[in-house]
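These figures come from a predicted structure and were not determined experimentally. Chain identifiers are assigned alphabetically (A, B, ...) following the order of the sequence lines, protein sequences preceding nucleic acid strands; residue numbering begins at 1 within each chain.
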2 protein chains.
Amino acid sequence: MALRHAVLAALLDGEYSGYQLAKAFDVGVANFWYAQPQQLYAELARLERDGLVAGRQVVQETRPNKRLFRVTDAGLAELEKFAAAASKPSFVRDDLLVKVQAVDHVGIGPVLEQLAERVRAAEARMELFGKLLRKMRGETPEEEFLRGGERIGPYLTCLRGLAFEQGNRDWCLRISAVLTERKGASEHR
Amino acid sequence: MALRHAVLAALLDGEYSGYQLAKAFDVGVANFWYAQPQQLYAELARLERDGLVAGRQVVQETRPNKRLFRVTDAGLAELEKFAAAASKPSFVRDDLLVKVQAVDHVGIGPVLEQLAERVRAAEARMELFGKLLRKMRGETPEEEFLRGGERIGPYLTCLRGLAFEQGNRDWCLRISAVLTERKGASEHR
DNA sequence: TATGATTAGTCAGTTTCTTGAGTATGGTGC
DNA sequence: GCACCATACTCAAGAAACTGACTAATCATA
């Protein structure tokens, strides 16, 4: 039951519709959790049923109507409880790592392609995170923002996202170099 | 269906029992995938049914009997196919990030404790990975091992695991410093 | 001589996540 | 003017993952 807390945490910044949340939790800004739209709508329904969020209908002229959600006091209390409980250790589950683990027994070519693709993806996300960070801190230098900013949670998680993608990119580049050299060497024989 | 490929990749290094795999996929050496024992036993049963792994009974005197599994040719072909297919992007799902995201609205104290705990866990895993790496490469220098080693897949994934835990530790330390300073500042008022 | 840890698994039940499709409207580009 | 994309959701089915309990033997520890 961590998706529910992720949704609560995301709603701390204001009111969002399911659709807006879905955007944030999808490819874009999912720097602290990931989920698909259907899951979010379902979770929002459960959260509302349990009184942890409150939704209100917003009638729109040019667009379909939407429901905006905010965290209730009960929701905040639930988050507080969650934050005080022990965290599960984080672990890795990554297709690409499985492929690299098997790389001595399968074709190197396709793996190299996917490493290159992953580098591109990581760099795109790094740029996105960089922009987000600048937007959040505005003109204030980072150190000062972190000392005195009102809302630094999203900034801190974004820093982790950025570092994670840097790690991804660096590793992919390193591995690519190693595998490329081995491929060359094996083809020379 | 990526657990099946993770199991196949893990079995490339030789024969393992469900129990041994469970150890590797649990807290210990899960540097490329994570799964619980029950899942592994179930997946091994499915893999055997589909002819991708073959198991053989080993009768033991002092211990319960066990079944050792190895990858079949069909299993290797399946892995090959998997390696050539596109990878899903990797994404983050981490309780602790959710808590940090919400840190402006919940108590800082518990979050700081958990960051410290995460640092300890990360350092323990870094040491484990360091030992594993040394064991895999033996006396050979890393560059040479990566150029000429027979089986480098596990070494490469272990490098990612190590870098990931370093990133974890560095981020936790940074965030802890920021939050500690803010906590001090708010208590002075 | 109990107690607990380790080896080696199995079974059942539930939650969570993913996949795929479907509804409806308005705006944008060619 | 027609196709396609964006907004804003909903429904259903199935796969994957998690939780917790249970068997059964040996070995180490207190």
Flag the pair [X] and [Y] as a salt bridge only when some basic side-chain nitrogen lies within less than 4.0 angstrom of an acidic carboxylate oxygen.
X      : Y      : answer
A:R4   : A:E78  : no
A:E117 : A:R120 : yes
B:E48  : B:R67  : yes
A:D94  : A:R118 : yes
B:D104 : A:R151 : yes
B:R70  : B:D13  : no
A:E143 : B:R174 : yes
B:E15  : B:R56  : yes

Worksheet item: Where does the angle between the aromatic ring planes of B:F164 and A:F164 fall among parallel (under 30°), tilted (30 to 60°) and perpendicular (over 60°)?
Response: perpendicular

Establish, with yes or no, whether the OP1 or OP2 oxygen of [N] is under 4.0 angstrom from a side-chain nitrogen or oxygen of [X].
X     : N     : result
B:S17 : C:dG9 : yes
B:Y19 : C:dT7 : yes
A:K23 : D:dT7 : yes

Discussion item. For nucleotides 17-24 of chain D, give me one character per nucleotide, 5' to 3': B if any protein heavy atom sits under 4.0 Å from the base, S if the only such contacts are to the sugar-phosphate, - if neither.
Written reply: SBBBB---

Discussion item. Show the nearest heavy-atom pair for residues B:L44 and B:V7, with the distance to one decimal.
Written reply: CD2-CG1, 3.9 Å

Nearest whole Å is fine: how far is [N] [atom2] from [X] [atom1]?
X     : N      : atom1 : atom2 : result
B:L68 : C:dT7  : CG    : P     : 15 Å
B:N65 : C:dT10 : CG    : C1'   : 15 Å
A:Q60 : D:dA8  : CD    : C1'   : 9 Å
B:H5  : D:dA16 : NE2   : P     : 10 Å

Worksheet item: End-to-end bend of the helix from C:dT1-D:dA30 to C:dC30-D:dG1 (five-pair axes, 10° rounding)?
Response: 40°

Shorter than 3.5 Å, N or O on both sides, protein versus nucleotides 1-5 of chain C: list them out with atom names.
none

